[in-house]
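Since the model is a prediction, treat every value here as computed from it, not as a measurement. We're numbering straight along the sequence, starting at 1.
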Amino acid sequence: MKKAISLILVFIMAFAMLLPANATENKSNLQFNKDGNFRIMQIADIQDGPLLFEIVRDFFKEVIPAAKPDLIVLTGDNISAGASTVGIHAIDLLLVEAAIDRFMSIFEEYDVPVAVVFGNHDAEELVTKEEQATIYQKYDNCLIVDEGENIYGCGTYNLPIYSSKDSSKIAYNLWMFDSNMYDEENGGYDYVHQNQIDWYISKSNELKAQNGGKVVPSMMFQHIIVNEIYDALLEVPAGTAGAIERNGKYYTLNPENTKSGIALNESPCPSTVNGGQFDAVANQGDVVAMLFGHDHVNNFVVEYKGVDLINTPGVGFNSYGDDGRGVRIIDIKEGTTDYETEVITYKDFYGDDDAANARFP
């Protein structure tokens, strides 16, 4: 009998280890520094497997202590499901764990908090986003929340940043959205769904009420850019130098609303369906900027209806990219809606270091 009980207990403990650890618990304790500053490093489209390019690992190891971010935000396609699969779930789970650990172990080593959202390539194979969220949650510095079945997708949540002067007062807010994967009904990419938008509006109003009726300034991070990007760009005649094409129309960055126009090198790829996310954001009036990845060779900041739309280039070498690969730095100042941002590219960071530059594929 004792042996049977022991076997049952071992089974229960083993099963418990597979369950999400505090799946809905928000471990965030972010706070502005004493000087009122808060620095975010956005990393987009690592999109690699267990054999992560060493140049990427080395770049992370060197750029993080140099930039000293208070938070790292991974904005999707953090791994490539295709590079982490053999078609057997148990093995794929180990491969995905290894792929995630290749970068999360670095972030953990530097003890930098990490927020995660998913892209379209993270869970294309057997290992689901929910299973991956559980893997991320094993790292003490990872802040991802899997909200469960109440909200479409996996990993739509918010992270408050508390005041440097009052650790109980929310001075800023960060929205993390799962922009989902593929639209099986309409084709193309999926979109942010209505119950995600409803959750955002409700939470935004709650934060506003807690802030004496004033909106809490915020930023929003997700993988796939919103459809309104094409309203923010400038439609131009075919043959215009530097123009990109989308559905038979041609666009460039619009100098009248472009705050930083380093590169528009490919057509932004929003969802097929416009689910109304941007309209909700513009109506709420709390979001200063929305930040995206997904389009690997685009790097711009354009304003539309009072909201900055920011595309950050990819950092990885397992998928397409160019010399613009890098990470984005966002510096927020407490008590204002002002921020500063720049992309640190490999080329910027290593400069004339021939040995470092020789590592480029």
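Side-chain contact between Val301 and Leu309 is absent, with no heavy atoms from C-beta onward closer than 4.5 Å. Counting heavy atoms from C-beta on, the side chains of Met41 and Leu71 never come closer than 4.5 Å. Within the 4.5 Å cutoff, no side-chain heavy atoms of Phe118 are placed close to those of Met181. Considering only heavy atoms from C-beta on, Ile262 stays 4.5 Å or farther from Val343 through its side chain. In this structure, Asn227 and Phe278 have side chains that are not in contact, with every pair of non-hydrogen atoms separated by 4.5 Å or more. Residues Pro313 and Arg325 have side chains not in contact (no heavy-atom distance under 4.5 Å, counting atoms from C-beta outward). Side-chain contact between Tyr172 and Phe38 is absent, with no heavy-atom pair separated by less than 4.5 Å. Counting heavy atoms from C-beta on, the side chains of Met176 and Ile144 never come closer than 4.5 Å.
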* **Check against side chain to side chain donor-acceptor pair (under 3.5 Å), Ser164 and Gln31** => CA-CA 6 Å; Ser164 60; Gln31 188 172 9; over 6 Å; no
Practice prompt. Please assess Asp48 against Ile79 for the test side chain to side chain contact (heavy atoms under 4.5 Å, CB included), listing each intermediate value before the final yes or no.
Written response: CA-CA 5 Å; Asp48 211 333; Ile79 67 167; over 6 Å; no
Original post:
Checking side chain to side chain contact (heavy atoms under 4.5 Å, CB included) for the pair Asn158/Leu207: CA distance, chi angles, key distance, verdict?
Top reply: CA-CA 11 Å; Asn158 74 295; Leu207 293 173; 4.3 Å; yes
Q.
Quick one, Ile330 with Gln42, criterion side chain to side chain contact (heavy atoms under 4.5 Å, CB included). Give me CA distance, side-chain angles, the key distance, then yes/no.
A. CA-CA 8 Å; Ile330 309 106; Gln42 180 195 2; 4.1 Å; yes
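Screening Leu74, Ile72, Val315 against Phe103 for a side chain to side chain contact (heavy atoms under 4.5 Å, CB included) leaves a single residue, Leu74. Tested against Val127, the residues Asp92, Leu95, Leu94 include a single side chain to side chain contact (heavy atoms under 4.5 Å, CB included) partner, Asp92.
Using cut-offs of 30° and 60° for the angle between ring planes, the Tyr200 and Phe177 rings count as perpendicular. Relative orientation of the Tyr320 and His296 rings is parallel, given thresholds of 30° and 60° on the angle between their planes.
Here the two rings, on Tyr152 and Tyr191, have centers that are 6.0 Å apart or farther. Aromatic ring centroids of Phe59 and Phe349 lie under 6.0 Å apart. Checked against a 6.0 Å centroid threshold, the rings of Phe32 and Tyr162 do not count as neighbours. Aromatic ring centroids of Phe107 and Phe60 lie under 6.0 Å apart.
Annotation: Asp35, atom CG; neighbour count of heavy atoms from other residues, nucleotides and ligands within 6.0 Å is above 12. By the 6.0 Å contact criterion, NZ on Lys249 is open, its count of non-hydrogen atoms from other residues, nucleotides or ligands being 12 or less. Shown here is Glu340, whose CD atom has no more than 12 heavy atoms of other residues, nucleotides or ligands within 6.0 Å. Atom NZ of Lys208 has 12 or fewer neighbouring heavy atoms from other residues, nucleotides or ligands inside a 6.0 Å radius. Surrounding CG of Asp111 are at most 12 heavy atoms belonging to other residues, nucleotides or ligands under 6.0 Å away.
Residues Asp308 and Lys259 are paired through a salt bridge, judged by an N-O separation under 4.0 Å between the basic side chain and the carboxylate. Asp122 has no carboxylate O lying under 4.0 Å from a charged side-chain N of Lys129, or vice versa, which leaves the two without a salt bridge. Ion pairing between a basic and an acidic side chain is recognised when a charged N comes within 4.0 Å of a carboxylate O; Arg102 and Glu54 show such pairing. Salt bridge annotation for Asp331-Arg39: present, with a cationic side-chain nitrogen under 4.0 angstrom from a carboxylate oxygen. Using a cutoff of 4.0 Å between basic side-chain nitrogens and carboxylate oxygens, Glu109 and Lys61 are not scored as salt-bridged.
Interatomic distance, His121 NE2 to Asn318 CG, rounded to the nearest 0.5 Å: 10.0 Å.
Under 3.5 Å, the side chains of Glu131 and His89 contain a donor-acceptor pair of N or O atoms. A side-chain N or O of Gln222 and one of Gln277 form a donor-acceptor pair less than 3.5 Å apart.
For residues 244-274, the set of pairs meeting the ring pair (Phe, Tyr, Trp, His ring centres under 6.0 Å) definition, not counting sequence neighbours, comprises Tyr230-Tyr251.
There is no path of hydrophobic side-chain contacts, each under 4.5 Å, that joins Ile224 to Ile197. Hydrophobic clustering (ILVMFWY, side-chain heavy atoms < 4.5 Å, transitive): Leu291 and Ile329 are in one cluster.
Closest of all the heavy-atom pairs between Ala99 and Ser84 is CB-OG, 3.9 Å. Asn265 and Ile244 make their closest contact through C-CG2, 4.1 Å (heavy atoms, listed as atom of the first residue, atom of the second, distance). Listed here is the closest heavy atom pair of Thr75 and Asn78: N-OD1, 4.0 Å.
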